[in-house]
Amino acid sequence: MRRILVTGGAGFIGANFVRMVLSEQPDTLVVNLDKLTYAGNLENLAGFTDHPNYVFVRGDILDAKLVEKLVTDHQIDAIVNFAAESHVDRSLVDPGIFIETNVNGTLTLLKIALGKKLERFIQISTDEVYGSLGDTGKFTEETPISPNSPYSASKAAADHLVRAFGHSWGLRYNITRCSNNYGEYQFPEKMIPLMINNALGDKALPVYGDGLYVRDWLYVYDHCTAIWKVLTEAAPGEIFNIGGNNEKTNLEVVGLILSRLQKRTALIRHVTDRPGHDRRYAIDSSKIMRQLGWKPSVTFEIGINKTIDWYLTNETWLRHVVSGQYQQYYESMYDNR
Ligand code: NAD
Ligand code: TYD
């Protein structure tokens, strides 16, 4: 039996990964360690709580004693590290927690993975470590690291640490760098669920600047299948870019959401831009496609329809996540913008 410690498994991508593994990989034990910050939500794992191959532990990746105990007690052979502060806008307001969780938290896990001689450490990173592109070209695994936001700087620092543990002491690791994800269970601070939620409530859709920023969108399930392939098939020490080959401007995405929900484009409001906003991301995924035979299962058009349908049929989930704290977050970020 494969025995993995997933960190941050109550967040958006982590929860989708846990759901996929428990549904499709019967011979795998999943221990999910999550601090349940504002972004962690046990409702993302509804239906899996009592699964015989699943253990949930509320806790912090910075708590070395706890992590060590989990690794020992459950005879863990790999860590998949999703736990992070993940939102660029928040990192521009309060970068400190990004260093704590994303850098020091990863360091804590790395020391334990090395000390316990784990089979593998998988660091879930992001294409944002490469910085921003002009009108042409794509990020490859050889593109120099050049992060522009406190979020991406903290993720890049973690990537460097992972690599250094491999280089210095032989830690068996992989790093995955994926483009923007969308899909079920995404917290509505990120663009796609935020726009869906606002459109459903006939609220203004806040498009930063001219709205011509480009992201390369990948359906979250396809990110999860790529991570599984890396965990189970990749040689140690390899870094993999993961992307959907789906470049869209923000205005194109917002237009699609509005038309699908039969809402007026007059809801679009251009608001003050994000400082240092990366203009364009685009990923060259040819390495993972060639070496591991991975490919996305859906086009953007299918994935976005599935996602919108999910938000429509999971109104209770959405209502819970946009109550309380979220309202204050929204006001502080968008009022007077
Ligand atoms: P998310 O913000 O939805 O979830 C993060 C999870 O980590 C939450 O459940 C939170 O409670 C948990 N967490 C935070 N601090 C913790 C700590 N100290 N100890 C334990 N748990 C903690 O994030 P996401 O969008 O699911 O992203 C997951 C990972 O994927 C991140 O590392 C992110 O950098 C990376 N990534 C995200 C995207 C994207 O489009 N969302 C794209 C590429 C890479
Ligand atoms: P986001 O989902 O925050 O992901 P990232 O910044 O990590 O790429 O944002 C995606 C794009 O959408 C990005 O160009 C910023 C833009 N955006 C808006 O225009 N309005 C918004 O309210 C948000 C949250 C994002």
Side-chain angles (χ1 to χ4, degrees), residues 6-18 32-42 44-45 57-63 66-67 80-92 97-98 100-102 104-106 108-109 123-129 132 148-149 151-152 154-155 158-159 176-183 185-195 197-198 204-218 220 223-224 227 241-243 248-251 253-254 268-274 277-281 283 330 333-334 337:
V6 170
T7 67
F12 164 51
I13 306 172
N16 275 283
F17 182 76
V18 170
N32 176 7
L33 172 66
D34 197 297
K35 187 178 171 184
L36 298 182
T37 67
Y38 77 91
N41 181 357
L42 290 179
N44 296 355
L45 293 152
V57 179
R58 183 174 191 175
D60 195 324
I61 56 168
L62 282 146
D63 183 345
L66 172 64
V67 178
V80 186
N81 181 29
F82 293 92
E85 288 295 329
S86 67
H87 192 34
V88 173
D89 290 323
R90 289 185 194 253
S91 80
L92 291 159
I97 184 71
F98 285 72
E100 250 331 87
T101 300
N102 301 1
N104 291 333
T106 302
T108 306
L109 298 175
Q123 175 68 2
I124 307 304
S125 186
T126 163
D127 63 348
E128 301 192 25
V129 299
S132 185
N148 288 322
S149 72
Y151 162 68
S152 53
S154 70
K155 294 295 290 185
D159 284 13
T176 61
R177 296 190 178 132
C178 190
S179 57
N180 288 64
N181 285 215
Y182 67 96
Y185 304 102
Q186 189 169 28
F187 189 78
E189 63 185 355
K190 304 285 170 25
M191 183 184 77
I192 287 183
L194 185 145
M195 298 299 178
N197 181 49
N198 284 17
L205 272 51
V207 170
Y208 298 168
D210 62 8
L212 298 177
Y213 294 85
V214 173
R215 297 292 182 264
D216 180 353
W217 295 97
L218 182 70
V220 63
H223 185 189
C224 294
I227 295 166
N241 283 354
I242 305 166
K248 301 265 182 252
T249 66
N250 295 337
L251 276 176
V253 175
V254 167
I268 294 174
R269 294 270 189 295
H270 287 270
V271 300
T272 310
D273 212 343
R274 172 189 282 174
H277 196 169
D278 285 340
R279 191 62 169 169
R280 175 172 166 261
Y281 302 144
I283 274 272
Y330 197 89
M333 211 50 107
Y334 292 94
R337 185 158 192 158

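For this chain, numbers begin at 1 and follow the sequence in order. We count ligands from 1, going down the list as the structure has it; atoms in each ligand are counted the same way. Please read these numbers as outputs of a predicted model, since none were measured by experiment.
A donor-acceptor pair is defined here as one N or O able to donate and one able to accept, closer than 3.5 Å; such a pair exists between the side chain of Ser132 and the backbone of Arg279. Between the Asn181 side chain and the Ser179 main chain, a donor and an acceptor come within less than 3.5 Å of each other. Asn44 places a side-chain N or O within 3.5 Å of a backbone atom of Ala10 that can act as its donor or acceptor partner.
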N or O contacts of ligand 1 with protein under 3.5 Å, please list pair by pair.
residue  : atom   : partner : partner atom : Å
ligand 1 : 2 (O)  : Ser86   : OG           : 2.6
ligand 1 : 3 (O)  : Phe12   : N            : 3.0
ligand 1 : 9 (O)  : Gly11   : N            : 2.9
ligand 1 : 9 (O)  : Asp34   : OD1          : 3.2
ligand 1 : 9 (O)  : Asp34   : OD2          : 2.6
ligand 1 : 11 (O) : Asp34   : OD1          : 2.6
ligand 1 : 11 (O) : Leu36   : N            : 3.4
ligand 1 : 11 (O) : Thr37   : N            : 3.0
ligand 1 : 11 (O) : Thr37   : OG1          : 3.1
ligand 1 : 18 (N) : Asp60   : OD1          : 2.9
ligand 1 : 19 (N) : Ile61   : N            : 3.0
ligand 1 : 21 (N) : Lys35   : N            : 3.1
ligand 1 : 23 (O) : Ser86   : OG           : 3.2
ligand 1 : 26 (O) : Phe12   : N            : 3.3
ligand 1 : 26 (O) : Ile13   : N            : 2.8
ligand 1 : 32 (O) : Phe82   : O            : 3.1
ligand 1 : 32 (O) : Ile124  : O            : 3.4
ligand 1 : 32 (O) : Lys155  : NZ           : 2.6
ligand 1 : 34 (O) : Tyr151  : OH           : 2.6
ligand 1 : 34 (O) : Lys155  : NZ           : 3.1
ligand 1 : 40 (O) : Asn181  : N            : 2.9

Ligand 2: which protein N/O atoms lie under 3.5 Å from its N/O atoms?
residue  : atom   : partner : partner atom : Å
ligand 2 : 2 (O)  : Met191  : N            : 2.8
ligand 2 : 3 (O)  : Arg274  : NH2          : 3.0
ligand 2 : 4 (O)  : Asn180  : ND2          : 3.2
ligand 2 : 6 (O)  : Arg274  : NH1          : 2.5
ligand 2 : 6 (O)  : Arg274  : NH2          : 3.2
ligand 2 : 7 (O)  : Glu128  : OE2          : 2.5
ligand 2 : 8 (O)  : Asn180  : ND2          : 2.9
ligand 2 : 8 (O)  : Arg215  : NE           : 2.7
ligand 2 : 12 (O) : Asn250  : ND2          : 3.3
ligand 2 : 14 (O) : Arg215  : NH2          : 3.3
ligand 2 : 14 (O) : Asn250  : ND2          : 2.9
ligand 2 : 14 (O) : His277  : NE2          : 2.7
ligand 2 : 19 (O) : Tyr208  : N            : 2.9
ligand 2 : 20 (N) : Pro206  : O            : 2.8
ligand 2 : 22 (O) : Pro206  : O            : 3.4
ligand 2 : 22 (O) : Tyr334  : OH           : 2.7

Exercise for the section: Start with the C-alpha gap between Tyr330 and Asn197, add the side-chain angles, then the distance that decides, and say whether side-chain hydrogen bond (donor to acceptor under 3.5 Å, both in side chains) holds. Expected result: CA-CA 12 Å; Tyr330 197 89; Asn197 181 49; over 6 Å; no

Handout entry: Full working for side-chain hydrogen bond (donor to acceptor under 3.5 Å, both in side chains) between Asp89 and Tyr208
Key = CA-CA 11 Å; Asp89 290 323; Tyr208 298 168; 2.7 Å; yes

Problem - Residues Tyr281, Glu128; criterion side-chain hydrogen bond (donor to acceptor under 3.5 Å, both in side chains); working and verdict - result: CA-CA 8 Å; Tyr281 302 144; Glu128 301 192 25; 3.3 Å; yes

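Note on Arg215 versus Asp278: no salt bridge recorded, every NZ/NE/NH1/NH2 to OD/OE distance being 4.0 Å or above. Between Glu189 and Arg90 a salt bridge is recorded (basic side-chain N to carboxylate O distance below 4.0 Å).
The aromatic ring centroids of Phe17 and Phe82 lie less than 6.0 Å from each other.
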